[in-house]
Amino acid sequence: MESASLCAAGKDTIFQAATNLEEAAKLVLSGNQVASWGSKTKKPCNCTRSQCLKLYCDCFANGDLCNNCNCSNCYNNTEHGLERFKAVKACLDRNPDAFQPKIEKGKTGDVTPRHHKGCNCKRSGCFKNYCECYEAKITCSSVCKCVGCKNVKSLDFKSLMNMQCYLDSRSINLFCISGEVVEATCACLLAQAEEAEKEGCSTCLAEHRIIEEFGKCLTQILHPKV
DNA sequence: GAGTTTGAAACT
DNA sequence: CAGTTTCAAACTC
C-alpha cells in the first residue's frame, strides 16, 4: 500500500520533471526564434547582476532572448544556450507556471481579465506601476493580498450621468434620493464591512464585497419591489 | 542622471 | 512557510 503510493508519487515527480524539461526546451527554442527573427518589439532590459537568467529580467520572464537590450553580462542569448536552458528548468522546477502569462482572461462569459496570482502591494495603494495589476490596466481582485488598495472598479461621472438619464425616463432623480434611503444604504454597507472584517477578509476582498452590496442597494432603489 | 522606493523573485 | 535579501523597474528630485 505504502510502496504503491510512493511509487505513484515518484511517477508524478518524474512526470513533472519531464514536463518541465519539455517546457524548458520549448522556451529555449521559442527564444532562439525570436532572436533570429528579431521582429518582436519588446522593451529592452537593464539587468546588471542577474545575467538575465532570472525572472527579475523581463525578457527572460517573457520567454524572450535579450535583443538590443542595455543589460550587462547577459547570458540570455544564443551563445549561452546551455546556461539559459538550465536557468529555465530551474525556474520551472520552482514554479511550473513560471512562464505562463500572469494575466488570465476571464472565464467564459466573464470579460474581466485578472492577475493569475494577484498582487501583494502594501504602500503603493495599487495605484502606481509598481503594482502588476495596475500596470496591466486591470483592477485588483479577490486573489490579491494587497493593503489599502485603491485599484477597484468605480463609477465615473459619465456613468453617473448615464444612470441619471435612465432614471429620468422613470421619473426618479438620483440626486434627490431621500436621507432615509442614504442612511439605510450606508447601514447595509457598514454591515457588509463589519462582516468582512469578522471573517478576516483582505482589504481588497472587503472592498469588493462592499461594492457588490452597493450594487444591490442601487437595484433596490431602482426596483423597490424586487 | 542620481538616489530612493517599491514589490516580485530568490534565498535561507 | 515565514522572514530576509536581492534585484530591476518605477518613481522623485
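The phosphate of B:dC11 (OP1 or OP2) has a side-chain N or O of A:Lys54 nearer than 4.0 angstrom. Look at A:Asn129 and you'll find a side-chain N or O under 4.0 angstrom from OP1 or OP2 of C:dC11. Side-chain N/O atoms of A:Lys117 include one lying less than 4.0 angstrom from OP1 or OP2 on B:dA9. For the pair A:Ser124 and B:dG7, the criterion of a side-chain N or O lying under 4.0 Å from OP1 or OP2 is met.
Comparing B:dA8, B:dG7, B:dA10 against the side chain of A:Arg94 picks out B:dA10 as the nearest. Side-chain proximity of A:Lys128 to B:dA8, C:dC11, B:dG7: nearest is C:dC11. Closest contact between the side chain of A:Thr48 and the listed nucleotides C:dA8, B:dA10, C:dA9 involves C:dA8. Comparing C:dA9, C:dC7, B:dA10 by their closest approach to the side chain of A:Arg49 singles out C:dC7. Here the side chain of A:Tyr130 is nearest to one of B:dG7, B:dC11, C:dT6, namely B:dG7. Side-chain atoms of A:Lys43 lie closest to C:dA10 of the nucleotides B:dG7, C:dA10, B:dC11.
The distance between atom CZ of A:Arg123 and atom C1' of C:dT12, rounded to the nearest whole Å, is 15 Å. Note: CG (A:Asn62) to P (C:dA8) measures 15 Å, nearest angstrom. Taking atom CD of residue A:Glu132 and atom C1' of nucleotide C:dA9, one finds them 11 Å apart after rounding to whole Å. Regarding A:Asp97, its CG atom lies at a distance of 12 Å from the P atom of B:dA9, rounded to whole Å. The distance from atom CG of A:Asn95 to atom C1' of B:dC11 is 15 Å, rounded to the nearest whole Å. Computed from coordinates, the A:Tyr134 OH to B:dG7 P distance equals 14 Å when rounded to whole Å. Rounded to an integer number of Å, the gap from OH of A:Tyr56 to C1' of B:dC11 is 8 Å. Atom NE2 in A:His116 sits about 15 Å away from atom P in B:dA8, given to the nearest Å.
Checking side-chain atoms of A:Asn95 against main-chain N and O of A:Asp97 turns up a donor-acceptor pair under 3.5 Å. Remark: the backbone N or O of A:Cys66 is not paired with any side-chain donor or acceptor of A:Asn77 at under 3.5 angstrom.
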### Query
Going through the distances and angles, do A:Phe99 and A:Val88 end up as a side-chain contact (heavy atoms from CB on, under 4.5 Å)?
CA-CA 9 Å; A:Phe99 296 97; A:Val88 169; 3.9 Å; yes
### Message
Before you tell me yes or no, could you show the steps for A:Cys59 and A:Asn76 under side-chain contact (heavy atoms from CB on, under 4.5 Å), namely the whole-Å CA-CA distance, both residues' side-chain angles and the distance that decides it to 0.1 Å?
### Response
CA-CA 8 Å; A:Cys59 303; A:Asn76 186 27; 3.8 Å; yes
### Query
A:Gln100 and A:His116: side-chain contact (heavy atoms from CB on, under 4.5 Å), yes or no, with the steps?
CA-CA 9 Å; A:Gln100 295 302 314; A:His116 190 253; over 6 Å; no
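Note on A:Lys102: only backbone sugar-phosphate atoms sit closer than 4.0 angstrom, heavy atoms only; bases stay farther off.
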